[in-house]
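The block underneath contains the structure these notes are about, expressed in structure tokens.
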Amino acid sequence: MFGRDPWGGPLEISNADSATDDERSRNLQDLDRAALSSSRQLDETQQSWLLGPAEQKKKKKYVDLGCIIVSRKIFVWTVGTALACGLLAGLIILIVKTVPRHHHHHPPPDNYTVALHKALMFFNAQRSGPIPKHNNVSWRGNSGMKDGLSDDSVKKNLVGGYYDAGDAIKFNFPMSFSMTLLSWSVIEYSAKYEAVGELDHVKEIIKWGTDYLLKTFNSSADTIDRIAAQVGLGDTSKGPGPNDHYCWMRPENIDYPRPVYECHSCSDLASEMAASLAAASIVFKDSKTYSQKLVHGAKTLFKFGREQRGRYSPGGSDPSIFYNSTGYWDEFVWGGAWLYYATGNTSYLQLATTPGLAKHAGAFWGGPDYGVFNWDSKLPGAQVLLSRLRLFLSPGYPYEEILRTFHNQTSIVMCSFLPMFNSFNRTKGGLIELNHGRPQPLQYVVNAAFLASVFSDYLEAADTPGWYCGPNFYSTSVLRDFAKTQINYILGNNPQKMSYLVGYGNRYPKHVHHRGASIPKNGVKYNCKGGWKWRDSHKPNPNTIVGAMVAGPDRHDGFHDVRTNYNYTEPTLAGNAGLVAALVALSGEKSGIDKNTIFSAVPPMFPTPPPPPAPWKP
């Protein structure tokens with residue numbers, strides 16, 4: 001059978017099937033070579049006819065995974081996506097590991113926080129008694145280990161507490177005020193303290209003080225008749241003799257008598273100590289046993305103060321020379337307010353808001369020192385504290401009228417801090433003269449800065465944008481600006497370009513009026529007069545008392561870094577307590593208080609309805 005060759009020649013197709021597959025393959029290969037070697041070029045279609053379709057293996061459309069059959073396309077996409085994600089994740093991890101990190105969540109501490117760390121260290125340097133191992137003041141050691149026990153007229157363990165300033169006297173009046181102020185700052189700003197790692201430290205400082213205060217009276221009794229008000233003696237007017245002011249010795253080496261001064265009618269001291277223990281009981285509310293001990297002691301003290309009227313510093317006494325109290329009515333308001341917050345007992349609130357008590361405390365009259373908060377005058381602080389109650393709980397009748405008065409008086413005090421009202425003079429460098437140009441101004445300035453800051457935070461927490469000074473409205477930021485201006489002056493923004501906080505900044509006082517800091521710890525025991533050479537030396541102190549805020553400049557912004565002039569270079573507990581409170585209030589990126597902790601013991605308040613009107617008579 002013949003067929004037509006598509007290329008023009010005859011093609012014989014044999015029906016014989018005797019040819020083997022190998023022969024057919026060889027013939028086909030020969031044919032292929034002949035065709036390809038032909039002078040006639042083949043197009044693609046002809047080549048495909050000649051060579052035949054290539055053997056193609058059909059791809060399976062599904063993939064058998066054993067337990068499930070999935071589409072091949074889905075399987076490929078899934079595996080590819082997983083690999084791509086893995087590569088991307090690995091690339092991101094590699095970048096994160098190799099690129100330098102920027103800790104945006106942990107900015108460097110602000111100046112107020114840096115200063116706060118240092119200011120708290122001053123209290124470590126002032127400790128009396130057995131010094132704990134973690135005190136972190138290398139030049140201090142155990143001291144005052146026989147306080148109280150060496151006085152035959154007392155025979156009471158009065159070991160512990162804090163030395164007041166550059167001497168080794170323990171004055172309960174300013175010491176208890178210092179602890180109250182520190183506790184107040186912790187109650188309002190515990191989150192800030194915790195954020196900078198100082199909460200445990202400041203609570204330890206407070207407890208060191210309150211543990212000592214509990215020793216100065218019979219804290220387990222309900223009724224007492226005396227308080228140990230002071231350990232040590234400072235009066236040198238009666239002639240030379242070894243005491244805490246005549247001698248210049250390291251506290252660790254003191255060998256002269258340290259008499260104890262007791263008081264039997266001391267309403268001011270008892271009420272301030274009650275305020276201190278009551279405020280601390282809120283700080284330690286999670287330590288139930290200790291908190292209750294503090295509350296019991298506060299109640300006992302306040303009861304004693306109310307029943308045995310009198311000032312703790314009568315004329316001629318040693319306290320009258322150094323920390324003379326001008327009255328006790330302001331301490332009644334102050335102590336009553338703190339005891340109300342600590343117990344929730346409305347009898348204390350009724351007392352603190354008694355108009356007659358407020359009148360005696362000077363709430364309704366001015367005067368050159370009105371509004372100046374310090375260790376002697378507690379009224380400005382008490383009014384801020386009770387304004388807080390009105391702002392957040394609004395107890396209503398019968399307290400509203402006097403609380404509104406306290407709130408208004410607080411607003412007036414805040415206005416007096418502003419430069420446009422000229423209530424107080426200012427130095428050319430901008431320091432407000434709250435003590436009217438008298439020496440040692442900084443302790444008053446820091447207290448004002450704290451009150452301004454905390455009142456500003458109260459207003460903001462109560463969604464109140466500001467307050468009125470007469471017809472003019474001022475925002476809360478004005479108060480914070482005032483506080484910052486004053487604290488910045490203390491930290492170095494002043495004509496002297498000097499930080500009045502030791503250890504802060506590049507330039508600070510080097511001749512601090514302080515016995516322990518001025519005498520080297522070299523194994524030599526200098527006696528009472530032997531230390532005078534260190535007192536009178538013109539060389540810088542061998543020990544740096546980090547965190548001590550000195551007394552400050554004079555009214556002309558002048559400052560003399562001289563050890564023998566305590567009006568410039570001596571630090572105090574009360575001054576540093578106010579500084580710590582102001583610094584923590586201003587520190588951090590955000591302002592804000594703890595609105596509720598101070599009310600933890602206060603029961604829910606429902607305003608008492610006013611009395612019904614008199615019956616109608618026709």
Side-chain angles (χ1 to χ4, degrees), residues 184 187-188 275 279 329-341 346 348-367 369-373 377-418 421 423 447-480 482-483 581 585 591-596 598-599 602 605-608 610:
W184 190 3
I187 292 166
E188 302 291 8
W329 300 101
D330 55 328
E331 276 85 13
F332 281 164
V333 180
W334 176 245
W338 278 114
L339 270 163
Y340 171 67
Y341 285 136
T346 55
Y348 293 115
L349 179 61
Q350 289 169 3
L351 176 69
T353 56
T354 300
L357 205 65
K359 180 180 179 181
H360 283 301
F364 309 125
W365 55 275
D369 295 322
Y370 186 78
V372 181
F373 183 44
S377 176
K378 318 297 166 51
L379 182 65
Q383 292 186 144
V384 171
L385 201 60
L386 290 168
S387 296
R388 188 191 211 285
L389 180 66
R390 182 174 187 255
L391 282 167
F392 297 121
L393 295 189
S394 188
Y397 182 86
Y399 311 109
E400 170 60 19
E401 185 175 354
I402 187 68
L403 289 180
R404 184 173 66 247
T405 300
F406 285 155
H407 192 170
N408 290 339
Q409 295 295 96
T410 296
S411 297
I412 292 171
V413 169
M414 295 300 152
C415 297
S416 74
F417 293 157
L418 305 184
F421 290 97
S423 300
N447 290 344
F450 170 65
L451 289 188
S453 299
V454 78
F455 186 65
S456 168
D457 286 342
Y458 287 171
L459 294 178
E460 287 188 5
D463 295 324
T464 305
W467 86 110
Y468 280 95
C469 295
N472 301 315
F473 184 81
Y474 293 92
S475 71
T476 55
S477 62
V478 174
L479 282 178
R480 293 189 71 83
F482 158 75
S591 60
I593 54 160
D594 180 340
K595 286 174 62 174
N596 301 316
I598 201 170
F599 301 129
V602 175
M605 300 191 76
F606 300 98
T608 305

Problem set entry | Side-chain donor or acceptor of N447 paired with backbone N/O of F373 under 3.5 Å | yes
Seminar exercise, completed: Closest non-hydrogen contact found for G371 with F417 is O-CZ, 4.0 Å
Can I get a per-line list of side-chain donor-acceptor pairs under 3.5 Å for residues 349-367, giving both atom names and the distance, sequence neighbours left out?
{"residue": "T353", "atom": "OG1", "partner": "L349", "partner atom": "O", "Å": "2.7"}
{"residue": "T353", "atom": "OG1", "partner": "Q350", "partner atom": "O", "Å": "3.4"}
{"residue": "T354", "atom": "OG1", "partner": "Q350", "partner atom": "O", "Å": "2.7"}
{"residue": "T354", "atom": "OG1", "partner": "L351", "partner atom": "O", "Å": "3.1"}

For this session: Apply salt bridge (charged side-chain N to carboxylate O under 4.0 Å, His left out) to the pair E460 and R480, showing each step before the final yes or no.
Result: CA-CA 12 Å; E460 287 188 5; R480 293 189 71 83; 5.7 Å; no
Exercise. If you look at every heavy atom in W334 and G381, which pair is closest and at what distance?
Worked result: CZ3-C, 3.6 Å
Problem set entry | For R388 against K595, the heavy-atom pair lying closest together | NH1-O, 3.1 Å
Problem set entry | Within 45° cone of Y458 ring axis and under 6.0 Å: R390 NZ or CZ | no
For this session: Taking all heavy atoms of L386 and all of Y341, pick out the closest pair and write down the distance.
Result: CA-OH, 4.3 Å
For this session: Give the ring-plane orientation class for W467 versus Y474, where under 30° counts as parallel, over 60° as perpendicular and anything between as tilted.
Result: tilted
For this session: Indicate the atoms forming the closest heavy-atom contact of A382 with V333, along with that distance.
Result: CB-CG1, 3.8 Å
Exercise. Do the non-hydrogen side-chain atoms of I598 and F392 ever get within less than 4.5 Å of each other?
Worked result: no
Less than 3.5 Å apart, which donor and acceptor atoms pair up between the side chains of residues 448-456 and the rest of the protein, not counting sequence neighbours?
{"residue": "S453", "atom": "OG", "partner": "A449", "partner atom": "O", "Å": "2.8"}
{"residue": "S456", "atom": "OG", "partner": "T476", "partner atom": "O", "Å": "3.3"}

Exercise. Can you name the salt bridge (Lys or Arg N to Asp or Glu O under 4.0 Å) partners of D594, sequence neighbours left out?
Worked result: none
